[in-house]
Number of protein chains: 2
Amino acid sequence: MKNELVLQAFGQHLRRLREARGWSQQALADVADVSKPTIYRLETARYSVTLDVLASLAQGLEIPLSELMQFPVPPRSSAD
Amino acid sequence: MKNELVLQAFGQHLRRLREARGWSQQALADVADVSKPTIYRLETARYSVTLDVLASLAQGLEIPLSELMQFPVPPRSSAD
DNA sequence: CCCATTGTAATCATATATGATTACAATCAC
DNA sequence: GTGATTGTAATCATATATGATTACAATGGG
């Protein structure tokens with residue numbers, strides 16, 4: 001799990017998208033067909049996430065995958 | 001690894017981006033700082049891919065992450 | 001003709017992403 | 001104030017994503 005900053009940025013982005021819809025983590029987990037712990041872990045940047053899950057999230061959020069990936073990517077740290 | 005069609009579409013997209021630059025799999029692996037087997041396996045849709053690696057690929061290809069994710073997502077099969 | 005490069009492929013080892021389950025404090029409905 | 005909901009959290013088990021290594025056929029350069 002290198003590139004931790006990207007994961008944090010994505011987590012925040014995902015949370016904003018979810019909250020903008022007034023959904024609980026459980027509700028998003030349901031419509032996206034992923035587990036509730038996964039939602040929690042992504043929003044809190046505890047792990048990375050696979051393209052599989054990204055596609056499911058986009059589908060659950062009813063937005064294109066490319067839009068789900070439209071979040072500010074922080075500059076790479078000098079340590080990689 | 002559900003959502004296999006998405007992985008196939010991404011693999012084709014990645015390959016097109018790479019070949020458009022005239023790069024070998026090894027060359028892309030180098031600039032993106034991922035292994036050559038990983039490039040091969042992604043292009044041939046053998047596995048999914050983590051956001052970590054996606055971010056590295058985008059950086060190696062010198063395009064925004066959102067652009068790397070701009071490929072035609074096939075409709076979900078009825079079997080999920 | 002060699003020799004290097006390239007894409008494909010398999011194997012092994014390891015890290016990790018995911019789900020299932022459980023728990024718990026805070027909040028909210030009523 | 002009791003009971004359900006919510007976010008957080010940990011643990012266990014399992015699948016899998018990734019790297020390292022090796023090999024091999026095809027191709028291309030010289």
Side-chain angles (χ1 to χ4, degrees), chain A residues 1-61 65 68-69 71 73 76-77 79-80, chain B residues 1-61 65 68-69 71 73 76-77 79-80:
Chain A
M1 184 174 36
K2 40 184 182 179
N3 236 334
E4 192 129 4
L5 295 180
V6 173
L7 303 185
Q8 288 176 15
F10 174 74
Q12 290 175 17
H13 179 55
L14 179 61
R15 174 159 290 185
R16 282 196 306 100
L17 288 171
R18 175 177 65 83
E19 292 182 339
R21 288 161 175 74
W23 292 353
S24 67
Q25 291 178 346
Q26 184 65 64
L28 175 56
D30 289 343
V31 295
D33 196 32
V34 299
S35 73
K36 171 186 154 180
T38 291
I39 303 293
Y40 163 68
R41 289 184 285 218
L42 295 189
E43 287 189 354
T44 53
R46 271 158 176 71
Y47 287 107
S48 192
V49 52
T50 58
L51 178 55
D52 269 285
V53 171
L54 289 175
S56 293
L57 291 173
Q59 195 229 353
L61 291 166
L65 181 55
L68 177 60
M69 304 310 285
F71 60 93
V73 177
R76 322 247 314 168
S77 74
D80 51 28
Chain B
M1 184 173 39
K2 39 185 181 180
N3 236 330
E4 193 129 5
L5 295 180
V6 174
L7 303 186
Q8 287 175 16
F10 174 73
Q12 289 175 16
H13 179 54
L14 179 61
R15 174 159 290 185
R16 281 197 306 99
L17 289 171
R18 176 178 64 81
E19 292 181 340
R21 288 160 175 75
W23 292 353
S24 67
Q25 292 178 346
Q26 183 66 64
L28 175 56
D30 289 343
V31 296
D33 196 33
V34 299
S35 74
K36 172 186 153 179
T38 292
I39 302 293
Y40 164 68
R41 289 184 285 220
L42 295 190
E43 288 189 353
T44 53
R46 271 158 175 72
Y47 287 106
S48 191
V49 53
T50 57
L51 177 54
D52 269 283
V53 171
L54 290 174
S56 294
L57 291 173
Q59 196 229 352
L61 291 165
L65 181 55
L68 177 60
M69 303 310 285
F71 60 93
V73 176
R76 321 247 316 169
S77 74
D80 50 26

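Letters go in sequence order (proteins before strands), and every chain restarts at 1. Just so we're clear, the structure is a prediction, and the values are computed from it rather than from any experiment. Side-chain atoms are counted along with the backbone in the values below, which use heavy atoms only and exclude waters and symmetry mates.
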Under 3.5 Å, which N/O atoms of the protein pair with N/O atoms of nucleotides 25-30 of chain C?
none

Rounded to whole angstrom units, what separation is found between the [atom1] atom of [X] and the [atom2] atom of [N]?
{"X": "A:L28", "N": "D:dG7", "atom1": "CG", "atom2": "C1'", "value": "14 Å"}
{"X": "A:Y40", "N": "C:dA17", "atom1": "OH", "atom2": "P", "value": "15 Å"}
{"X": "B:E19", "N": "C:dT5", "atom1": "CD", "atom2": "P", "value": "19 Å"}
{"X": "B:E43", "N": "C:dA9", "atom1": "CD", "atom2": "C1'", "value": "14 Å"}
{"X": "A:Y47", "N": "D:dT16", "atom1": "OH", "atom2": "P", "value": "17 Å"}
{"X": "A:L51", "N": "C:dA17", "atom1": "CG", "atom2": "C1'", "value": "14 Å"}
{"X": "A:L42", "N": "C:dT18", "atom1": "CG", "atom2": "C1'", "value": "10 Å"}
{"X": "A:Q26", "N": "D:dT8", "atom1": "CD", "atom2": "P", "value": "14 Å"}

Residue list, side-chain contact (heavy atoms from CB on, under 4.5 Å) with A:V34, at least two apart or on another chain | A:A32, A:I39, A:V53, A:S56, A:L57
Who pairs with A:R21 by salt bridge (charged side-chain N to carboxylate O under 4.0 Å, His left out), at least two apart in sequence or on another chain?
-> none
Kindly compute the distance separating [atom1] ([X]) from [atom2] ([Y]), expressed to the nearest 0.5 Å.
{"X": "A:L51", "Y": "A:M69", "atom1": "CG", "atom2": "CE", "result": "8.0 Å"}
{"X": "B:N3", "Y": "B:L5", "atom1": "CG", "atom2": "CG", "result": "7.5 Å"}
{"X": "A:E4", "Y": "A:R46", "atom1": "CD", "atom2": "CZ", "result": "10.5 Å"}
{"X": "B:W23", "Y": "B:L61", "atom1": "CH2", "atom2": "CG", "result": "5.5 Å"}

Quick one: on DNA chain D, does A:R18 or B:L54 contact a more 5' nucleotide (nearest heavy atom)?
-> A:R18
What's the closest nucleotide to the A:R46 side chain, out of C:dA17, D:dA17, D:dA9?
-> D:dA9
Among D:dG7, D:dA9, D:dA17, the one nearest any side-chain atom of B:S48 is D:dA17
Take the C1' atoms of the five end pairs on each side of the helix from C:dC1-D:dG30 to C:dC30-D:dG1, get both axes, and report the angle to 10 degrees.
-> 50°
Relative to the 5' end of DNA chain C, which residue comes earlier, B:T50 or B:Q25, by the nucleotide with the nearest heavy atom?
-> B:Q25
Indicate the atoms forming the closest heavy-atom contact of A:L42 with A:S48, along with that distance.
-> CD2-O, 3.5 Å
Which heavy atom of B:A58 sits nearest a heavy atom of B:L68, and at what distance?
-> N-CD2, 3.7 Å
When you check every protein heavy atom under 4.0 Å of nucleotides 19-30 of chain D, what one-letter string (B, S, -) results, 5' to 3'?
-> BBB---------
Does any non-hydrogen side-chain atom of A:L54 lie less than 4.5 Å from one of B:V6?
-> no
Side-chain heavy-atom pair A:L17, A:L28 within 4.5 angstrom cut-off | no
For [X], which residues count as a side chain to side chain donor-acceptor pair (under 3.5 Å) partner, sequence neighbours excluded?
{"X": "A:Q26", "value": "A:D30"}
{"X": "A:S24", "value": "none"}
{"X": "A:E43", "value": "A:R15, A:R18, A:Q25"}

Of all of residues 9-17 of chain B, which get a heavy atom below 4.0 angstrom from DNA chain C, listed by number?
-> B:R15
So which pairs with a foot in residues 3-22 of chain A pass ring-ring contact (aromatic ring centres under 6.0 Å, His included), sequence neighbours left out?
-> A:F10-A:F71, A:H13-A:F71
